[in-house]
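Reviewing the structure listed below.
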Amino acid sequence: DAKTTQPNSMESNEEEPVHLPCNHSTISGTDYIHWYRQLPSQGPEYVIHGLTSNVNNRMASLAIAEDRKSSTLILHRATLRDAAVYYCILPEGSNTGKLIFGQGTTLQVKP
Amino acid sequence: DGGITQSPKYLFRKEGQNVTLSCEQNLNHDAMYWYRQDPGQGLRLIYYSQIVNDFQKGDIAEGYSVSREKKESFPLTVTSAQKNPTAFYLCASSQGHSNQPQHFGDGTRLSIL
(Lines give C-alpha, C1' and ligand atoms only; values in the text may rest on other atoms or scores of the structure.)
Protein backbone atom coordinates (compact mmCIF):
# COMPACT_ATOMS: atom_id res chain seq x y z
CA ASP A 1 0.00 0.00 0.00
CA ALA A 2 1.04 3.56 -0.66
CA LYS A 3 2.53 5.22 2.39
CA THR A 4 1.25 8.66 1.49
CA THR A 5 -2.12 10.44 1.53
CA GLN A 6 -3.08 13.13 -0.99
CA PRO A 7 -6.33 14.90 -1.90
CA ASN A 8 -8.01 13.36 -4.92
CA SER A 9 -8.26 16.62 -6.83
CA MET A 10 -7.43 20.31 -6.73
CA GLU A 11 -8.12 23.33 -8.90
CA SER A 12 -6.01 26.34 -9.64
CA ASN A 13 -6.14 29.42 -11.82
CA GLU A 14 -3.52 29.99 -14.44
CA GLU A 15 -0.58 32.17 -13.37
CA GLU A 16 -1.33 31.60 -9.66
CA PRO A 17 0.74 29.49 -7.23
CA VAL A 18 -0.40 25.98 -6.40
CA HIS A 19 0.29 24.13 -3.15
CA LEU A 20 -0.18 20.37 -3.37
CA PRO A 21 -0.18 18.70 0.07
CA CYS A 22 0.96 15.22 1.03
CA ASN A 23 0.79 13.41 4.36
CA HIS A 24 3.29 10.68 5.20
CA SER A 25 2.94 10.15 8.92
CA THR A 26 4.79 6.79 8.93
CA ILE A 27 7.90 8.13 7.22
CA SER A 28 11.19 6.77 8.52
CA GLY A 29 14.33 8.78 9.10
CA THR A 30 15.97 7.72 5.84
CA ASP A 31 12.95 7.96 3.50
CA TYR A 32 13.26 10.52 0.75
CA ILE A 33 10.06 12.17 -0.49
CA HIS A 34 9.63 12.01 -4.25
CA TRP A 35 7.13 13.80 -6.48
CA TYR A 36 6.20 12.75 -9.99
CA ARG A 37 3.51 13.98 -12.33
CA GLN A 38 1.70 12.27 -15.18
CA LEU A 39 -0.03 13.86 -18.14
CA PRO A 40 -2.77 11.92 -19.92
CA SER A 41 -1.50 8.96 -21.96
CA GLN A 42 2.12 9.64 -21.01
CA GLY A 43 4.60 8.11 -18.61
CA PRO A 44 5.22 9.80 -15.25
CA GLU A 45 7.75 12.61 -15.11
CA TYR A 46 10.07 13.20 -12.18
CA VAL A 47 9.44 16.57 -10.52
CA ILE A 48 11.53 16.84 -7.35
CA HIS A 49 12.69 14.95 -4.27
CA GLY A 50 14.10 15.78 -0.85
CA LEU A 51 14.96 14.44 2.60
CA THR A 52 14.75 17.15 5.26
CA SER A 53 15.33 20.65 4.03
CA ASN A 54 13.32 22.48 1.40
CA VAL A 55 14.36 21.88 -2.19
CA ASN A 56 14.03 23.98 -5.33
CA ASN A 57 14.50 23.21 -8.99
CA ARG A 58 13.37 24.70 -12.28
CA MET A 59 10.03 22.91 -12.12
CA ALA A 60 8.90 23.35 -8.52
CA SER A 61 9.74 23.72 -4.85
CA LEU A 62 9.33 21.11 -2.13
CA ALA A 63 8.56 22.25 1.39
CA ILE A 64 9.07 19.55 4.03
CA ALA A 65 7.59 19.90 7.51
CA GLU A 66 10.00 19.93 10.40
CA ASP A 67 8.68 16.59 11.71
CA ARG A 68 8.75 15.24 8.10
CA LYS A 69 5.22 13.87 8.42
CA SER A 70 3.96 16.07 5.63
CA SER A 71 5.25 17.95 2.63
CA THR A 72 3.96 20.39 0.02
CA LEU A 73 4.80 20.62 -3.65
CA ILE A 74 4.71 24.24 -4.79
CA LEU A 75 4.22 25.28 -8.39
CA HIS A 76 5.01 28.97 -8.35
CA ARG A 77 2.96 29.98 -11.39
CA ALA A 78 0.60 27.37 -12.73
CA THR A 79 0.21 27.03 -16.48
CA LEU A 80 -2.27 24.99 -18.46
CA ARG A 81 0.54 22.50 -19.14
CA ASP A 82 0.79 21.80 -15.41
CA ALA A 83 -2.60 20.08 -15.44
CA ALA A 84 -1.72 16.50 -14.54
CA VAL A 85 -1.91 13.84 -11.82
CA TYR A 86 0.71 14.54 -9.15
CA TYR A 87 2.08 11.64 -7.11
CA CYS A 88 3.82 11.95 -3.75
CA ILE A 89 5.89 8.81 -3.14
CA LEU A 90 8.17 7.31 -0.55
CA PRO A 91 10.42 4.74 -2.27
CA GLU A 92 10.36 1.30 -0.65
CA GLY A 93 12.81 1.11 2.18
CA SER A 94 14.69 -1.97 0.97
CA ASN A 95 16.93 0.14 -1.28
CA THR A 96 15.49 -1.51 -4.39
CA GLY A 97 14.30 1.76 -5.84
CA LYS A 98 10.73 0.48 -5.98
CA LEU A 99 8.14 3.23 -6.18
CA ILE A 100 4.68 2.57 -4.75
CA PHE A 101 2.15 4.80 -6.49
CA GLY A 102 -1.11 5.82 -4.84
CA GLN A 103 -4.01 7.58 -6.56
CA GLY A 104 -2.29 10.96 -6.65
CA THR A 105 -3.87 14.41 -6.91
CA THR A 106 -5.49 15.46 -10.18
CA LEU A 107 -4.70 19.12 -10.71
CA GLN A 108 -6.97 21.18 -12.94
CA VAL A 109 -5.71 24.56 -14.12
CA LYS A 110 -8.32 27.06 -15.27
CA PRO A 111 -7.47 29.79 -17.76
CA ASP B 1 18.96 12.64 -26.65
CA GLY B 2 19.20 10.16 -23.79
CA GLY B 3 16.04 8.47 -22.70
CA ILE B 4 13.82 5.42 -22.65
CA THR B 5 12.14 4.06 -25.73
CA GLN B 6 9.13 1.77 -25.52
CA SER B 7 7.66 0.04 -28.52
CA PRO B 8 5.16 -0.42 -29.92
CA LYS B 9 2.93 2.41 -28.71
CA TYR B 10 -0.20 0.31 -29.27
CA LEU B 11 -0.42 -3.49 -29.27
CA PHE B 12 -3.25 -5.91 -29.76
CA ARG B 13 -3.24 -9.47 -28.49
CA LYS B 14 -5.40 -12.39 -29.42
CA GLU B 15 -6.63 -14.81 -26.80
CA GLY B 16 -3.98 -17.38 -25.88
CA GLN B 17 -1.16 -15.43 -27.47
CA ASN B 18 2.08 -14.25 -25.87
CA VAL B 19 3.28 -10.75 -26.72
CA THR B 20 6.54 -8.99 -25.94
CA LEU B 21 6.89 -5.29 -25.13
CA SER B 22 10.21 -3.64 -25.84
CA CYS B 23 12.04 -1.23 -23.52
CA GLU B 24 15.45 0.25 -24.38
CA GLN B 25 17.41 2.91 -22.49
CA ASN B 26 20.59 4.80 -23.40
CA LEU B 27 21.03 6.46 -20.01
CA ASN B 28 23.55 3.86 -18.80
CA HIS B 29 21.26 3.13 -15.86
CA ASP B 30 21.73 -0.07 -13.86
CA ALA B 31 18.13 -0.49 -12.71
CA MET B 32 15.04 -0.98 -14.87
CA TYR B 33 11.38 -1.43 -13.97
CA TRP B 34 8.09 -2.47 -15.50
CA TYR B 35 4.79 -1.04 -14.25
CA ARG B 36 1.18 -1.61 -15.18
CA GLN B 37 -1.46 1.12 -15.02
CA ASP B 38 -5.21 0.53 -15.21
CA PRO B 39 -7.64 3.38 -15.98
CA GLY B 40 -7.88 5.92 -13.17
CA GLN B 41 -5.35 4.05 -11.05
CA GLY B 42 -1.75 4.52 -9.99
CA LEU B 43 1.11 2.39 -11.29
CA ARG B 44 1.77 -1.12 -9.97
CA LEU B 45 5.17 -2.80 -10.17
CA ILE B 46 5.42 -5.98 -12.27
CA TYR B 47 9.15 -6.77 -12.35
CA TYR B 48 12.38 -4.94 -11.69
CA SER B 49 16.06 -5.50 -12.36
CA GLN B 50 18.91 -3.85 -10.50
CA ILE B 51 21.69 -5.33 -12.62
CA VAL B 52 22.23 -7.30 -15.82
CA ASN B 53 21.23 -10.97 -15.65
CA ASP B 54 19.23 -10.45 -12.48
CA PHE B 55 15.60 -9.49 -11.87
CA GLN B 56 12.97 -9.76 -9.15
CA LYS B 57 9.19 -10.04 -9.05
CA GLY B 58 7.20 -7.00 -8.16
CA ASP B 59 3.72 -6.90 -6.71
CA ILE B 60 1.82 -8.31 -9.71
CA ALA B 61 4.27 -10.60 -11.55
CA GLU B 62 1.88 -13.48 -12.27
CA GLY B 63 1.34 -13.96 -16.00
CA TYR B 64 4.42 -11.92 -16.96
CA SER B 65 8.06 -12.72 -17.66
CA VAL B 66 11.17 -10.62 -18.27
CA SER B 67 14.83 -10.94 -19.23
CA ARG B 68 17.84 -8.70 -18.70
CA GLU B 69 20.58 -9.93 -21.00
CA LYS B 70 21.87 -6.44 -21.79
CA LYS B 71 22.13 -3.36 -19.60
CA GLU B 72 20.14 -1.23 -22.03
CA SER B 73 17.27 -3.65 -22.66
CA PHE B 74 14.50 -5.05 -20.43
CA PRO B 75 11.73 -6.69 -22.50
CA LEU B 76 8.45 -7.74 -20.90
CA THR B 77 6.44 -10.74 -22.14
CA VAL B 78 2.75 -10.83 -21.38
CA THR B 79 1.88 -14.53 -21.44
CA SER B 80 -1.44 -16.23 -22.07
CA ALA B 81 -1.56 -16.90 -18.33
CA GLN B 82 -2.27 -13.20 -17.74
CA LYS B 83 -6.07 -13.24 -17.87
CA ASN B 84 -6.61 -9.50 -17.82
CA PRO B 85 -3.74 -8.00 -19.83
CA THR B 86 -5.53 -4.91 -21.14
CA ALA B 87 -3.64 -2.00 -19.56
CA PHE B 88 -1.07 0.75 -20.08
CA TYR B 89 2.47 -0.61 -19.56
CA LEU B 90 5.29 1.67 -18.48
CA CYS B 91 9.01 1.01 -18.37
CA ALA B 92 11.41 3.04 -16.23
CA SER B 93 15.09 3.16 -15.37
CA SER B 94 17.25 4.68 -12.65
CA GLN B 95 20.81 4.67 -11.40
CA GLY B 96 19.66 2.00 -8.99
CA HIS B 97 19.80 3.78 -5.68
CA SER B 98 16.38 4.17 -4.10
CA ASN B 99 16.88 7.94 -3.87
CA GLN B 100 17.58 8.41 -7.56
CA PRO B 101 14.73 9.57 -9.81
CA GLN B 102 13.19 7.12 -12.23
CA HIS B 103 12.92 8.05 -15.90
CA PHE B 104 9.87 6.69 -17.68
CA GLY B 105 9.11 5.81 -21.27
CA ASP B 106 5.93 6.89 -23.06
CA GLY B 107 4.24 3.54 -22.49
CA THR B 108 2.64 0.75 -24.51
CA ARG B 109 -1.13 0.38 -24.53
CA LEU B 110 -2.10 -3.30 -24.81
CA SER B 111 -5.59 -4.39 -25.79
CA ILE B 112 -7.25 -7.76 -26.31
CA LEU B 113 -8.90 -8.52 -29.65
Side-chain angles (χ1 to χ4, degrees), chain A residues 1-9 22 27-53 55 57-60 62 64 68 71 73 84-106, chain B residues 2-7 9-10 21 23-25 27 29-51 54-61 74 87-111:
Chain A
D1 291 341
K3 297 185 286 185
T4 62
T5 304
Q6 301 176 252
N8 286 335
S9 62
C22 180
I27 193 169
S28 73
T30 57
D31 283 341
Y32 275 70
I33 302 154
H34 289 234
W35 284 82
Y36 288 77
R37 71 180 185 182
Q38 187 177 23
L39 278 67
S41 298
Q42 294 187 24
E45 174 188 28
Y46 165 78
V47 178
I48 200 167
H49 75 293
L51 181 62
T52 55
S53 56
V55 184
N57 66 21
R58 65 175 178 82
M59 291 181 68
L62 177 60
I64 301 172
R68 300 207 333 117
S71 61
L73 180 70
V85 179
Y86 286 80
Y87 296 99
C88 169
I89 299 169
L90 306 183
E92 195 190 67
S94 61
N95 206 33
T96 62
K98 291 170 59 177
L99 300 178
I100 301 175
F101 284 77
Q103 300 272 42
T105 296
T106 300
Chain B
I4 296 185
T5 302
Q6 290 188 242
S7 62
K9 193 171 179 66
Y10 299 95
L21 284 60
C23 178
E24 304 278 332
Q25 55 100 357
L27 300 166
H29 284 167
D30 288 317
M32 297 187 74
Y33 310 83
W34 273 105
Y35 295 88
R36 169 184 171 137
Q37 187 173 34
D38 293 289
Q41 304 296 315
L43 282 67
R44 292 184 291 168
L45 184 66
I46 304 172
Y47 267 98
Y48 64 102
S49 168
Q50 291 185 292
I51 198 168
D54 188 43
F55 49 83
Q56 286 79 40
K57 294 181 179 180
D59 300 317
I60 55 166
F74 191 40
F88 189 41
Y89 290 88
L90 289 154
C91 179
S93 72
S94 72
Q95 290 288 5
H97 193 281
S98 62
N99 297 319
Q100 294 301 315
Q102 290 188 15
H103 299 256
F104 285 82
D106 287 335
T108 293
R109 196 168 296 278
L110 176 63
S111 301

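Just so it is clear: chains get the letters A, B, ... in the order the sequence lines come, proteins before strands, and each one is counted from 1.
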Heavy atoms only: give me the nearest [X]-[Y] pair and the separation to one decimal.
X: A/Gln42; Y: B/Phe88; value: O-CE2, 3.8 Å
X: B/Pro101; Y: A/Tyr46; value: CB-CD1, 3.4 Å
X: B/Gln100; Y: A/His34; value: O-CE1, 4.1 Å
X: A/Tyr87; Y: B/Gln37; value: OH-NE2, 3.5 Å
X: A/Gln103; Y: B/Gly40; value: OE1-O, 3.3 Å
X: B/Leu90; Y: A/Gly43; value: CD2-CA, 3.4 Å

- Query: So which part of B/Arg109 gets closer than 4.5 Å to some heavy atom of chain A, the side chain, the backbone, both or neither?
  - Reply: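 The side chain, not the backbone.
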
- Query: Which bit of B/Leu45 is near chain A, if near means a heavy-atom gap under 4.5 Å: side chain, backbone, both or neither?
  - Reply: side chain

- Item | More than 12 heavy atoms of other groups within 6.0 Å of A/Leu51 CG | yes

- Is atom CG of A/Asn8 surrounded by more than 12 heavy atoms (other residues, nucleotides or ligands) closer than 6.0 Å?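 No, the 6.0 Å shell around CG holds no more than 12 heavy atoms from other groups.
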
- Item | Pairwise side-chain contact, A/Leu99 with B/Tyr33, heavy-atom cut-off 4.5 Å (strictly under) |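 Counting from C-beta outward, A/Leu99 and B/Tyr33 never come under 4.5 Å.
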
- Hey, are the side chains of A/Pro44 and B/Gln102 touching, using non-hydrogen atoms and a 4.5 Å cut-off? no

- Message: Under 4.5 Å from any heavy atom of chain B, what part of A/Thr106 do you find: side chain, backbone, both or neither?
- Response: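 Neither part.
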
